[in-house]
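Each residue takes its place number in the sequence, starting with 1.
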Amino acid sequence: MAKDYYNTLGVKKGASTDEIKKSFRKLARKYHPDVNPNDKTAEQKFKEINEAYEILGDTKKKEQYDQFGSAAFEQQHAGGPSAEEFARTFRGTGADFFETFDIGSIFGDIFGRRPPPERGPIRGEDITYAMDIDLEGALYGTTANIALRHEAPCSACRGTGSQLGTSPQTCPSCKGSGMTAAVKANIRFSQTCPQCSGRGKINLNPCRTCAGKGNVLKDETIAVKIPRGVDTGSKVRVAGKGEAGINGGPPGDLYIITRVRPHHFFERRGDNLYSDIPISFAEAALGAKIEVPTVDGVVALTIPTGTQNGQQFRLKGKGVPHLTGGGAGDHYVTVKISVPKHIDEKARQLIKDLGKISKENPRADITFKGFRKR
């Protein structure tokens, strides 16, 4: 069946090399197996866009495709023979064949599982870094210095991988395509170029500092600004501080994953804070104005007459600032009535007199009489 490689890459027929490359990179990032683990649909899509780019990204192959369509490449990309056909082809060839050739390479090349050539710049990998901060840092923001070891462009060769004044040359074996033809057991197919490992270029004068890689490991201390309102699991992006790119590609990013330590007094739930405040029996019964610690300092809270144990009061806007801006959560105060442990005789008599005066029965609503006898 004819394949529409332009449609696969989402470009119009006659698209420029830059348009094809730009669309390929966008789709490759979207459907890359690392981004979509265990997703067979994404894996298949990734193979299809790589196949399309291998043709349209090569000027000569693109001309052949425009003239003859995908039929010119069907043997190369149709996946080769079936497993049974492949087995029948090599039955009776003896062990010498399997000892001579790399079986993984043979199956990878014939069935289309070879890696795509590394021709253009590739963006560097992102780095994640877990950081513990206290509640105060999460509330008001903080700046922290972190020690980071990551790949950075080699200063000696300026990231080119070649000695200054030189540059990689087009591979003479594959003429820059990254692929060469091969014949094994009368089967003709394309394989990754063994001389340049599919890159299309060879480095004749590699940089002595980075051994031609273009990147070196670098220890760096980075000042990271943590914004107000972060929570456990929040992600803070530091642009350009990830791993260095390949072939002159841009670096990746650094992502700080915050973990907020528990506080001894405040409990955080989302952007709201919760705390318990003890009050005396007299304050609960008669009402009072008490002082309550908040993240903004001590505030006055009015306890109304007849307050019950466990009753909750709301302090609006005294919680955690919203990470997206525009206000803050609330602070909920739960009162706990403290009953005196040691009572002298005078206090005991007063409490008895209060009990006689009060007509309220706290168990009046309890009607349960027990289960039936067995």
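- For Ala223, the side-chain contact (heavy atoms from CB on, under 4.5 Å) partners are Thr143, Asn145, not counting sequence neighbours.
- In this structure, CD on Gln163 lies 8.5 Å from CG on Asn203, to the nearest 0.5 angstrom.
- Scanning all heavy atoms of the two residues, the minimum distance from Ala42 to Asp39 falls at N-OD1, 3.1 Å.
- Clustering of Ile, Leu, Val, Met, Phe, Trp and Tyr by side-chain heavy atoms under 4.5 Å joins Ile351 with Ile343.
- In this structure, the side chains of Ser162 and Pro168 come closer than 4.5 Å at one or more pairs of heavy atoms.
- Side-chain contact of Glu54 with Asn50: a donor-acceptor pair under 3.5 Å is absent, judged by distance alone.
- No continuous path of hydrophobic side-chain contacts links Val216 to Leu254 [ILVMFWY only; heavy atoms under 4.5 Å].
- With rounding to the nearest 0.5 Å, the separation of CZ in Arg208 from SG in Cys154 is 12.0 Å.
- Hydrophobic side-chain contacts under 4.5 Å tie Tyr274 into a cluster, directly or through other members, with Tyr332.
- Residue Val339 is found outside any hydrophobic cluster, as its side-chain heavy atoms come under 4.5 Å of no other Ile, Leu, Val, Met, Phe, Trp or Tyr.
- Here the CG atom belonging to Asn309 is positioned 10.0 Å from the CD atom belonging to Gln311, to the nearest 0.5 angstrom.
- When each of Glu43, Gln44, Lys45 is tested with Tyr31 by the rule side chain to side chain contact (heavy atoms under 4.5 Å, CB included), just one qualifies, namely Lys45.
- In the hydrophobic cluster analysis, where Ile, Leu, Val, Met, Phe, Trp and Tyr join through side-chain heavy atoms closer than 4.5 angstrom, Val238 is grouped together with Val230.
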Under the criterion side chain to side chain contact (heavy atoms under 4.5 Å, CB included), I'd like the reasoning laid out for Asp231 against Arg268: C-alpha separation, chi angles, the key distance, then a yes or no. CA-CA 9 Å; Asp231 200 354; Arg268 179 176 179 177; 3.4 Å; yes
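- Of all the heavy atoms in Ser234 and Leu323, the pair that sits closest is OG-CD2, 4.3 Å.
- Note on Glu220 versus Lys241: salt bridge recorded, some NZ/NE/NH1/NH2 to OD/OE distance being below 4.0 Å.
- The shortest distance between side-chain heavy atoms of Leu139 and Pro321 falls below 4.5 Å.
- Note on Met179: it does not cluster hydrophobically with Ile202, by side-chain heavy-atom contacts below 4.5 Å among ILVMFWY residues.
- Heavy-atom minimum distance, Cys157 versus Thr160: O-OG1, 2.9 Å.
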Could you walk me through whether Ile133 and Ile226 satisfy the side chain to side chain contact (heavy atoms under 4.5 Å, CB included) test, starting with their C-alpha distance in whole Å, then the side-chain angles of each, then the deciding distance to 0.1 Å, before giving a yes or no? CA-CA 9 Å; Ile133 62 174; Ile226 304 299; 4.2 Å; yes
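- Electrostatic pairing of Asp296 and Lys318 counts as a salt bridge here, judged by a charged N lying under 4.0 Å from a carboxylate O.
- Within a 6.0 Å sphere centred on CD of Gln312, heavy atoms belonging to other residues, nucleotides or ligands number more than 12.
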Apply side chain to side chain contact (heavy atoms under 4.5 Å, CB included) to residues Phe281 and Leu354 and explain how you reach the verdict. CA-CA 12 Å; Phe281 171 76; Leu354 177 62; 3.9 Å; yes
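- In this structure, the side chains of Thr307 and Phe313 come closer than 4.5 Å at one or more pairs of heavy atoms.
- Counting heavy atoms from C-beta on, the side chains of Cys171 and Cys193 come closer than 4.5 Å.
- Put simply, the side chain of Lys201 reaches to within 4.5 Å of the side chain of Thr170, judged on heavy atoms.
- With respect to Asp330 and Lys316, no salt bridge is recorded, no charged nitrogen being found less than 4.0 Å from a carboxylate O.
- Remark: side-chain polar atoms of His263 are paired, donor with acceptor, to backbone N or O of Phe266 under 3.5 angstrom.
- Thr142 places no side-chain N or O within donor-acceptor distance of the main-chain N or O of Ala138, the cut-off being under 3.5 Å.
- Tyr140 OH: more than 12 foreign heavy atoms inside a 6.0 Å radius.
- Side chain of Thr232 to main chain of Val260: a donor-acceptor pair is present (N/O by atom type, distance under 3.5 Å, no hydrogens or angles).
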Please step through side chain to side chain contact (heavy atoms under 4.5 Å, CB included) for the pair Leu148 and Thr221, ending with a clear verdict. CA-CA 6 Å; Leu148 187 67; Thr221 299; over 6 Å; no
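- For Arg261, the CZ atom sits in a packed shell: over 12 heavy atoms of surrounding residues, nucleotides or ligands are nearer than 6.0 Å.
- Remark: Asp18 CG to Ser23 OG distance equals 12.5 Å, nearest 0.5 Å.
- Nearest heavy-atom pair, Glu19 versus Val11, reported as atom, atom and distance to 0.1 Å: O-CG1, 4.0 Å.
- Between Asp58 and Lys62 there is no salt bridge, since no side-chain N of the basic residue sits under 4.0 Å from a carboxylate O of the acidic one.
- A search for ring-ring contact (aromatic ring centres under 6.0 Å, His included) contacts involving Tyr6 returns Tyr65, not counting sequence neighbours.
- The CG atom of Leu217 lies 11.5 Å from the SG atom of Cys210; values are rounded to the nearest 0.5 Å.
- Using a cut-off of 4.0 Å between Lys/Arg side-chain N and Asp/Glu carboxylate O, Asp253 and Arg123 are scored as salt-bridged.
- Checked for salt-bridge contact, Glu267 and Arg269 meet the test: a charged N lies under 4.0 Å from a carboxylate O.
- For Lys356, the side-chain contact (heavy atoms from CB on, under 4.5 Å) criterion is met by no residue, not counting sequence neighbours.
- Between Tyr255 and Ile127, the closest side-chain pair of non-hydrogen atoms is not below 4.5 Å.
- In this structure, the side chains of Val333 and His331 come closer than 4.5 Å at one or more pairs of heavy atoms.
- Scanning both residues, Ala328 and Gly317, for their nearest heavy atoms gives CB-O, 4.0 Å.
- No side-chain donor-acceptor contact under 3.5 Å links Gln349 to the backbone of Lys346.
- Comment: Lys3 does not engage Glu48 in a salt bridge, judged by the lack of any side-chain N to carboxylate O separation of less than 4.0 angstrom.
- A donor-acceptor distance shorter than 3.5 angstrom exists from the side chain of His150 to the backbone of Gly242, with no hydrogens or angles considered.
- When the side chains of ILVMFWY residues are joined at heavy-atom separations under 4.5 Å, either directly or via intervening members, Val292 and Phe265 end up in a single hydrophobic cluster.
- Leu9 has its side chain within reach of Ile20: a pair of non-hydrogen atoms, C-beta onward, lies under 4.5 Å apart.
- Atom NZ of Lys336 sits in a crowded spot, with more than 12 heavy atoms from other residues, nucleotides or ligands closer than 6.0 Å.
- The two atoms that bring Val335 and Ile303 nearest to each other are CG1-CD1, 4.0 Å, heavy atoms only.
- Taking CG from Leu301 and CZ from Arg314, the interatomic distance works out to 13.5 Å, rounded to the nearest 0.5 Å.
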